Amino acid sequence: MTDIIIIGAGAAGMTAALYSLRAGKSVTIIEAESIGGQIANSPRVENFPGFSSISGLELADKMFEQVNALGAALEIDRVVGVEKHSEKHFTVKTEYGAYECGSVIIAGGVKHRRLNVPGEDKFLGKGVYYCAVCDGAFYKDKEVILVGDANSALQYALLLSNYCSKVSMVTMFDKLFGDNCLQQAVRSRENVEIISGFVASSVMGDGAFEGVEFVRTGGTEKMTLKAEALFVAIGQIPDNKAFTPLVTLDKSGFIECTDDCRTSASGVFAAGDCRVKSVRQLTTAVADGAVAALAAAAYLDGE
Ligand SMILES: Cc1cc2nc3c(=O)[nH]c(=O)nc-3n(C[C@H](O)[C@H](O)[C@H](O)COP(=O)(O)OP(=O)(O)OC[C@H]3O[C@@H](n4cnc5c(N)ncnc54)[C@H](O)[C@@H]3O)c2cc1C
C-alpha cells in the first residue's frame with residue numbers, strides 16, 4: 001500500500017510528489033497522458049522564478065528527474081474513480097487496475113477549451129495560444145487576434161494591448177459579457193478593435209501561422225484577419241467527474257477546498273488548476289502541490 005497517490009504529473013502533482021517524498025512518504029503518481037501536463041506545450045516560460053527563459057518541456061523534465069531520483073513511482077494510466085473505505089484507506093481505480101493508498105492528492109489540472117477548427121492543432125504553441133499571461137509578451141509590437149467575449153478574454157485584451165501594437169478582439173455575439181468595469185477598460189484602449197458577431201472557422205498558414213478565417217455567427221459572410229498570433233479565451237474545462245461524489249465541486253466543476261488544499265473528503269487533497277482558485281499559473285500550481293503534500297503527510301501522521 002502506497003502512502004500517497006498523486007493523480008496527475010503536471011507541475012502541481014510533481015511538486016506534491018517532491019514534498020511528500022521529502023516528508024518520508026511513499027508516492028505513486030498516476031498520469032493519464034504524458035509527464036508535465038499543460039506546461040509541456042509551452043515553448044517558452046519566462047515567469048517561473050529561477051529561469052529567465054526555459055521551455056515548458058525542459059522544465060517538466062527537470063521536475064520529473066528530481067522526483068524520480070527521490071523514488072517516486074509512476075504509472076501511466078487514467079484514474080476513473082476514488083473510493084474511500086475508511087480513514088487512511090483508499091482505492092484509486094484506473095482504466096487498467098486499482099491501487100491502495102492512505103491518502104490521495106488530486107492534481108488533474110484543466111484543459112483550455114479549444115475552438116476545434118482546422119489548423120488549430122498545427123499551430124499550437126507556434127501562433128495559437130490559450131494563455132496571454134504566459135505568451136502575450138512574445139508578441140510585443142505585433143498585431144494579434146483574440147477570440148472570446150467574457151472576463152478572461154477581457155483581461156487578456158487589456159494585457160495584450162499593453163504589449164501588442166493591435167489586438168483584434170473577435171466575439172461570437174453582438175455584445176461583450178463579463179464585468180462592466182473590464183468592458184469599459186477594454187473599450188477605452190485605442191489599440192483594441194472589437195469585431196462582433198463572428199466565429200472562427202479555420203486557422204490559416206502553410207509553414208507558419210498567418211491568421212484566422214471567420215464566418216458570421218449563424219450566417220455565411222466570411223472574414224479573414226491576418227496577424228502574428230491568435231489568443232483563444234473561451235473558457236477552461238476541469239475534468240473532475242471521476243472524483244464525485246467523494247469531493248464537492250463548484251458549479252463550474254472545479255474542486256472546492258480549503259486554503260490548505262483539503263477537500264470535502266478527509267484524506268483527499270486537491271492541488272493546482274483543478275481546484276477553485278483565482279490564478280492558474282505554474283507558481284500557484286507548485287505552491288498548492290507543496291501545501292497539499294504537507295497536509296496529506298500530516299493527515300497520515302494523525303496530526
Ligand atoms: C500553452 C500553455 C502555456 C502556458 N504557459 C505558462 C507560463 O509561461 N507560465 C505559467 O506560469 N503558466 C503557464 N501556463 C499555465 C500552467 O501550465 C498551468 O497553470 C500549470 O501547468 C497547472 O499545473 P497543474 O499541475 O495544476 O495541471 P496540468 O498541468 O493540467 O497537469 C495535470 C495533469 O493531470 C493529468 N490528468 C488529468 N486527469 C487525470 C486522470 N483522471 N488520471 C490521471 N491523470 C490525469 C493530465 O494528463 C495532466 O498531465 C501555460 C498553459 C498552457 C496550456
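Basis for what follows: all heavy atoms, side chains included, without hydrogens, waters or symmetry-related copies. Just so you know, ligand 1 is whichever comes first in the structure, and atom 1 is the first atom listed for that ligand. Note that the structure is a prediction, hence the values are computed from the model and not measured.
With salt bridges taken as basic N to acidic carboxylate O contacts below 4.0 Å, one links K277 and D288. A salt bridge does not link D239 with K111: none of the charged nitrogens is closer than 4.0 Å to a carboxylate oxygen. A salt bridge is absent between K222 and E213: the closest approach of a Lys/Arg side-chain nitrogen to an acidic carboxylate oxygen does not fall below 4.0 angstrom. A salt bridge links E33 with R78: at least one charged nitrogen is closer than 4.0 Å to a carboxylate oxygen.
Looking at A11 next to ligand 1, an N or O pair under 3.5 Å apart turns up. Between F243 and ligand 1, not a single N/O pair is under 3.5 Å apart. Between E46 and ligand 1, a contact under 3.5 Å exists for no N or O pair. The N/O atoms of I7, backbone and side chain alike, include none that comes under 3.5 Å of an N/O atom in ligand 1. The N/O atoms of L282, backbone and side chain alike, include one that comes under 3.5 Å of an N/O atom in ligand 1. Of the polar atoms of E31, at least one N or O is found under 3.5 Å from an N or O of ligand 1, judged by distance alone. At a 3.5 angstrom cut-off on N or O pairs, T283 does not count as close to ligand 1.
The closest approach between a heavy atom of G289 and any atom of ligand 1 is not below 4.0 Å. At least one heavy atom of D77 lies less than 4.0 angstrom from ligand 1. Heavy-atom separations between G125 and ligand 1 are all 4.0 Å or longer. Ligand 1 lies nowhere less than 4.0 angstrom from a heavy atom belonging to D239. Not a single heavy atom of A242 sits under 4.0 Å from any atom of ligand 1.
With a 4.0 Å cut-off on non-hydrogen atoms, A107 touches ligand 1 through its backbone and not its side chain.
I39 and Y129 are members of different hydrophobic clusters when ILVMFWY side chains are connected at heavy-atom separations under 4.5 Å. The hydrophobic clustering, which links ILVMFWY residues whose side-chain heavy atoms are closer than 4.5 Å, places L74 and I30 together. I106 and L294 fall within the same hydrophobic cluster, where Ile, Leu, Val, Met, Phe, Trp and Tyr residues are linked whenever their side-chain heavy atoms come under 4.5 Å apart, directly or through other members. Using a 4.5 Å cut-off between side-chain heavy atoms of Ile, Leu, Val, Met, Phe, Trp and Tyr, with links allowed through other members, V167 and V203 fall into different hydrophobic clusters.
With respect to atom 23 (O) of ligand 1, the closest heavy atom belonging to the protein is A285 CB, 3.7 Å. The protein heavy-atom contact nearest to atom 51 (C) of ligand 1 is Q38 OE1, 3.7 Å. When hydrogens are left out, the protein atom nearest atom 14 (N) of ligand 1 is C134 SG, 3.3 Å; that is the closest non-hydrogen contact. Distance from atom 45 (C) of ligand 1 to its nearest protein heavy atom, with residue and atom name: A32 CB, 3.8 Å. When only non-hydrogen protein atoms are considered, atom 2 (C) of ligand 1 lies nearest to S42 CB, 4.2 Å. G10 CA, 3.5 Å is the protein heavy atom nearest to atom 31 (O) of ligand 1. Counting protein heavy atoms only, atom 34 (O) of ligand 1 is closest to G8 CA, 3.2 Å. For atom 27 (O) of ligand 1, the nearest non-hydrogen atom of the protein is G109 CA, 3.3 Å.
The shortest non-hydrogen separation linking L160 to G136 is CD2-CA, 3.7 Å. Of all the heavy atoms in R275 and T258, the pair that sits closest is NH1-O, 4.2 Å. Across R113 and V232, no two heavy atoms sit closer than the pair O-CG1, 4.1 Å.
Nearest residue to atom 15 (C) of ligand 1 from E75, R280, K111 is R280 (criterion: closest heavy atom). The heavy atom nearest to atom 41 (N) of ligand 1, out of those in V79, I54, D135, is found in V79. For atom 25 (O) of ligand 1, the nearest non-hydrogen atom from the set A12, A16, G37 belongs to A12. Closest to atom 17 (O) of ligand 1 by heavy atom, among I39, N47, L124, is I39. Counting heavy atoms only, D273 comes closest to atom 26 (O) of ligand 1 of the residues T15, V133, I106, D273.
Shown in contact with I30 at under 4.0 Å from a heavy atom are these atoms of ligand 1, numbered in order with element: 43 (C), 44 (N). Annotation for ligand 1: atoms under 4.0 Å from non-hydrogen atoms of G272 are 26 (O). Remark: ligand 1 atoms within the under-4.0 Å shell around heavy atoms of H112 are 53 (C). Taking every heavy atom of S34 and a limit of under 4.0 angstrom, the matching atoms of ligand 1 come to 49 (O). Numbered from 1 in the order shown, with element, the atoms of ligand 1 that lie under 4.0 Å from a heavy atom of V110 read 30 (O). Set against the non-hydrogen atoms of R78, the atoms of ligand 1 under 4.0 Å away are 41 (N), 42 (N).
Partner T91 forms a side chain to side chain donor-acceptor pair (under 3.5 Å) with one of H85, E83, K84 and no other, that one being H85.
Residues meeting the salt bridge (Lys or Arg N to Asp or Glu O under 4.0 Å) test with E221, sequence neighbours left out: R216. Listed by chain and number, the residues in a salt bridge (Lys or Arg N to Asp or Glu O under 4.0 Å) with R262 are D260 (sequence neighbours excluded).
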### Task
Start with the C-alpha gap between D301 and K25, add the side-chain angles, then the distance that decides, and say whether salt bridge (charged side-chain N to carboxylate O under 4.0 Å, His left out) holds.
CA-CA 10 Å; D301 293 341; K25 305 301 175 198; 2.6 Å; yes

### Task
Give the intermediate values and the outcome of salt bridge (charged side-chain N to carboxylate O under 4.0 Å, His left out) for residues D121 and R114.
CA-CA 9 Å; D121 282 349; R114 301 274 190 104; 2.6 Å; yes

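In this structure, R280 is positioned above the aromatic face of F254, its NZ or CZ under 6.0 Å from the six-membered ring centre and within 45° of the axis.
Ring centroids of F90 and Y99 are separated by 6.0 Å or more, keeping the two rings apart.
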